[in-house]
Number of protein chains: 2
Amino acid sequence: MEEGPIRRKEVAKLAGVSEATVSRVLNGVGPIREETRKRVLEAAEQLNYVPSALAQQFARKKSGNLGVIIPFVPKVHLFSTYYFSEILSGIGVTAKKEGYDMLLMFLSPEEKRNYSRLFRMQKVDACIMLGTQDGEEERQALRELLQEEHPFCLVNQRFEGEAFPTIEADHVSGSYAATAHLIGQGCDRIAFLNGPLTYSNSADRYDGYRRALADNGISVNQDILFTGNYSRKSGYIAAPEIAGAIKDQRIDAVFAANDRMALGLLQGLREHGIEPGRDAALIGYDDSEEARYTDPQLSSVSVPFYEMGAAAVSKLIGQEKPAIIDTETGFNVEKLPVRLIPRASSLRYKPN
Amino acid sequence: MEEGPIRRKEVAKLAGVSEATVSRVLNGVGPIREETRKRVLEAAEQLNYVPSALAQQFARKKSGNLGVIIPFVPKVHLFSTYYFSEILSGIGVTAKKEGYDMLLMFLSPEEKRNYSRLFRMQKVDACIMLGTQDGEEERQALRELLQEEHPFCLVNQRFEGEAFPTIEADHVSGSYAATAHLIGQGCDRIAFLNGPLTYSNSADRYDGYRRALADNGISVNQDILFTGNYSRKSGYIAAPEIAGAIKDQRIDAVFAANDRMALGLLQGLREHGIEPGRDAALIGYDDSEEARYTDPQLSSVSVPFYEMGAAAVSKLIGQEKPAIIDTETGFNVEKLPVRLIPRASSLRYKPN
DNA sequence: ACCACTAATGTACACGCGTACATTTTCGCA
DNA sequence: TGCGAAAATGTACGCGTGTACATTAGTGGT
């Protein structure tokens with residue numbers, strides 16, 4: 001007798017109304033007599049009725065899903081878990097508030113980008129891309145989205161010359177502040193350990209670094225520019241060379257483009273007899289959790305990752321604040337502020 | 001003319017076949033003449049047809065989603081991101097391989113547990129719960145799932161007396177190994193900083209600790225048992241008292257139930273003039289990334305979180321290996337092995 | 001050439017909801 | 001009391017697939 005799950009029809013019968021009325025009551029649509037509403041709700045309650053999300057989505061032509069795409073290589077931790085988990089949290093909490101579910105999709109680097117298909121399959125109503133890198137295939141895939149007018153948003157990565165919706169932080173200012181801070185501590189031979197230029201982040205960091213030096217009459221010294229890949233290991237690998245230069249007094253401070261590289265560097269420097277914070281100032285970027293717990297504590301630049309994730313969702317779902325558009329280029333230019341967090345690794349440093 | 005997305009009907013018309021044939025070709029169902037298949041595929045290709053996942057899900061009565069539930073408090077990082085991101089990776093990669101999408105759901109602690117509703121709404125076909133804690137409401141919600149025969153799986157948490165499907169690691173052995181290792185280093189006053197007993201993990205850790213002591217003729221000293229909440233801060237907070245006991249020579253080693261507490265403790269001990277690895281041996285648990293980068297490097301117990309996530313998915317989706325059932329209790333008892341990772345924080349230690 | 005059987009394809013409908021439109025009820029007001 | 005308008009409810013159908021069943025085409029054996 002008791003066959004399968006309860007459906008709208010049974011609720012309608014029990015309440016003595018039509019299916020449409022049940023639907024209207026449950027969706028709060030149209031005028032309903034109070035007594036009818038109560039009868040329907042009671043019937044639904046009594047039968048423990050739960051509408052089928054599948055049927056709803058189909059009827060509404062909306063999945064109710066917010067896609068989140070994360071680049072991923074199993075067991076290889078190129079990215080900071082801090083970085084992603086903060087952004088993801090911001091996305092998740094905000095999406096939930098807006099009544100959306102979060103569809104998480106890992107994307108391996110060699111996998112073909114076909115974001116458009118995701119939308120056309122109606123798996124997601126909107127999509128956020130994390131950790132994208134500049135490249136022709138990526139640009140193509142994103143251009144397609146733009147052209148087909150699918151709602152998407154990049155986080156913390158800009159594609160120069162494209163009008164992709166993006167949530168960014170002001171890394172030029174952040175890097176400027178970090179560099180200026182080091183200069184303020186008396187340093188004038190500031191090495192820069194940057195990440196790959198496929199990330200707009202890297203270009204921005206360099207820009208801020210360069211400007212801060214220029215504003216203080218210091219010229220960029222190509223010999224003390226280094227490149228890693230944002231991994232801890234790459235910081236560690238850069239250590240020997242940087243340690244040598246510190247000993248030769250060709251470097252008196254290091255600005256690392258993220259904390260992970262800074263931490264690898266910190267460890268590596270120490271193994272080469274350099275005491276960070278004493279023999280050379282050190283500052284990282286991201287203000288990850290670990291920065292507070294190293295010895296010496298690591299100066300850094302705090303980036304509102306959580307808020308960036310939340311902002312990306314609001315931009316896509318909520319229709320609160322319209323984007324800030326650059327009148328010249330027509331591009332969206334809002335950037336969340338970052339904040340310098342000076343700690344022991346760059347304070348009380350006396351250059352030789 | 002070009003109205004909305006391409007549908008099956010148009011593909012059928014272009015290929016000169018019925019809609020059913022298109023469906024059969026695309027799903028690889030039933031016998032199809034090779035020439036027909038080619039015509040259909042070409043038509044689909046030419047029209048750039050993509051089936052509606054919404055309609056497919058509705059027709060199949062399957063969402064194709066694997067739910068993942070994570071306890072969450074915005075901006076409060078009670079849990080290790082390492083822990084979750086590892087498990088999540090294992091889940092994501094395996095689910096993808098099985099053709100499932102991952103529906104990530106944050107659950108705030110005060111939120112009412114209603115996992116059953118999730119299934120009855122057909123939002124997910126199966127579900128994995130992470131970070132659950134023992135408690136009556138949780139048990140009730142899970143019992144409901146069991147009774148309604150929804151496929152779900154817990155990871156790294158056991159509910160004593162319940163037959164919930166679970167993927168666990170052998171933390172009794174791991175803790176035994178950690179404690180025995182400390183004893184092997186010559187320690188016999190081993191403090192234990194455990195987590196809350198709402199986690200079966202904590203009980204298992206204590207069990208292993210206790211057994212290792214017993215097997216070596218050492219009795220448990222209640223005075224050197226401490227409780228934190230697995231956060232770094234709680235380790236830090238326990239530091240003063242533990243530092244005092246070390247100075248009094250009432251403690252010569254500390255086993256912390258996870259790395260985060262061990263790291264907080266490490267920092268705190270040092271601030272109280274105790275040098276971990278010299279004045280007292282220290283070992284953590286989880287073998288998180290940071291363990292390799294502390295000074296001294298932190299001994300720990302490696303837990304295959306990634307594999308646990310993958311195993312949970314296989315258990316739910318793949319039908320490869322049947323569960324290992326305890327013939328007595330009827331409960332599932334498979335536990336993945338863990339591995340002791342001795343490092344400087346507990347090696348070459350000479351007790352006084 | 002005929003039959004029996006299988007392969008290949010078509011026809012028809014269910015799935016459970018949202019909602020446009022039709023219909024009935026209610027209600028204010030003359 | 002009657003009447004028009006608004007409120008409340010019902011009827012009917014579309015959404016795009018998967019698939020059971022009906023139908024037709026093909027094949028091999030006699």
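These values consider heavy atoms only, across backbone and side chains, with no hydrogens, waters or symmetry-generated copies.
Taking atom CD on Gln57(B) and atom C1' on dG16(C), their separation rounds to 14 Å, with Å as the unit. Atom P of nucleotide dG16(C) and atom NZ of Lys62(A) are separated by 24 Å, given to the nearest angstrom. In this structure, CZ of Arg39(B) is placed 11 Å from C1' of dT9(C), rounded to the nearest angstrom. We find that NZ of Lys13(A) is positioned 17 Å from C1' of dG10(D), with the value rounded to whole Å. In this structure, the CD atom of Glu35(A) is 13 Å from the C1' atom of dT9(D), given to the nearest Å. Protein atom CD of Glu34(A) is 14 Å distant from nucleotide atom C1' of dA7(D), rounded to whole Å.
Between Glu137(B) and Arg113(B), none of the side-chain N atoms (NZ, or NE/NH1/NH2) sits under 4.0 Å from a carboxylate O, so this pair counts as no salt bridge. Between Arg37(A) and Glu34(A) there is a salt bridge, since a side-chain N of the basic residue sits under 4.0 Å from a carboxylate O of the acidic one.
Taking 4.0 angstrom as the limit, Arg33(A) places a side-chain polar atom (N or O) nearer than this to OP1 or OP2 of dT9(D). Between Thr21(A) and dG10(D), a side-chain N or O to OP1/OP2 separation shorter than 4.0 Å is present. Taking only side-chain nitrogens and oxygens, Ser18(B) never comes nearer than 4.0 Å to OP1 or OP2 of dT11(C).
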Set out, line by line, the N/O atom pairs under 3.5 Å between protein and nucleotides 16-21 of chain D.
| unit_1 | atom_1 | unit_2 | atom_2 | d |
| --- | --- | --- | --- | --- |
| dG16(D) | OP1 | Arg7(B) | NE | 3.2 |
| dT17(D) | OP1 | Tyr49(B) | OH | 2.6 |
| dT17(D) | OP1 | Ser52(B) | N | 3.3 |
| dT17(D) | OP2 | Arg8(B) | N | 3.3 |
| dG18(D) | OP1 | Asn27(B) | ND2 | 3.3 |
| dG18(D) | OP1 | Gln56(B) | NE2 | 3.4 |
| dG18(D) | OP1 | Arg60(B) | NH2 | 2.9 |
| dG18(D) | OP2 | Ser23(B) | OG | 2.9 |
| dG18(D) | OP2 | Asn27(B) | ND2 | 3.0 |
| dG18(D) | N7 | Arg8(B) | NH1 | 2.8 |
| dG18(D) | O6 | Arg8(B) | NH2 | 3.4 |

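Across all their heavy atoms, Phe119(A) and Val124(A) have their closest contact at CD2-O, 3.8 Å. Contact between Ala15(A) and Arg39(A) at its shortest, heavy atoms only, is O-NE, 2.9 Å.
If you run salt bridge (charged side-chain N to carboxylate O under 4.0 Å, His left out) between Arg143(B) and each of Glu149(B), Glu136(B), Glu148(B), only Glu136(B) comes through.
To the nearest 0.5 Å, atom CG of residue Leu47(A) and atom CZ of residue Arg7(A) are 12.5 Å apart.
Counted by atom type alone, Ser200(B) and Gln157(B) present one or more donor-acceptor pairs between their side chains at under 3.5 Å.
Axis angle, first five pairs versus last five pairs of the helix from dA1(C)-dT30(D) to dA30(C)-dT1(D): 40°, rounded to 10°.
By the 30° and 60° cut-offs, the orientation of the rings of Tyr83(B) relative to Phe305(B) is perpendicular. Note: Phe159(B) and Phe164(B) have perpendicular aromatic rings, judged against thresholds of 30 and 60 degrees for the angle between ring planes.
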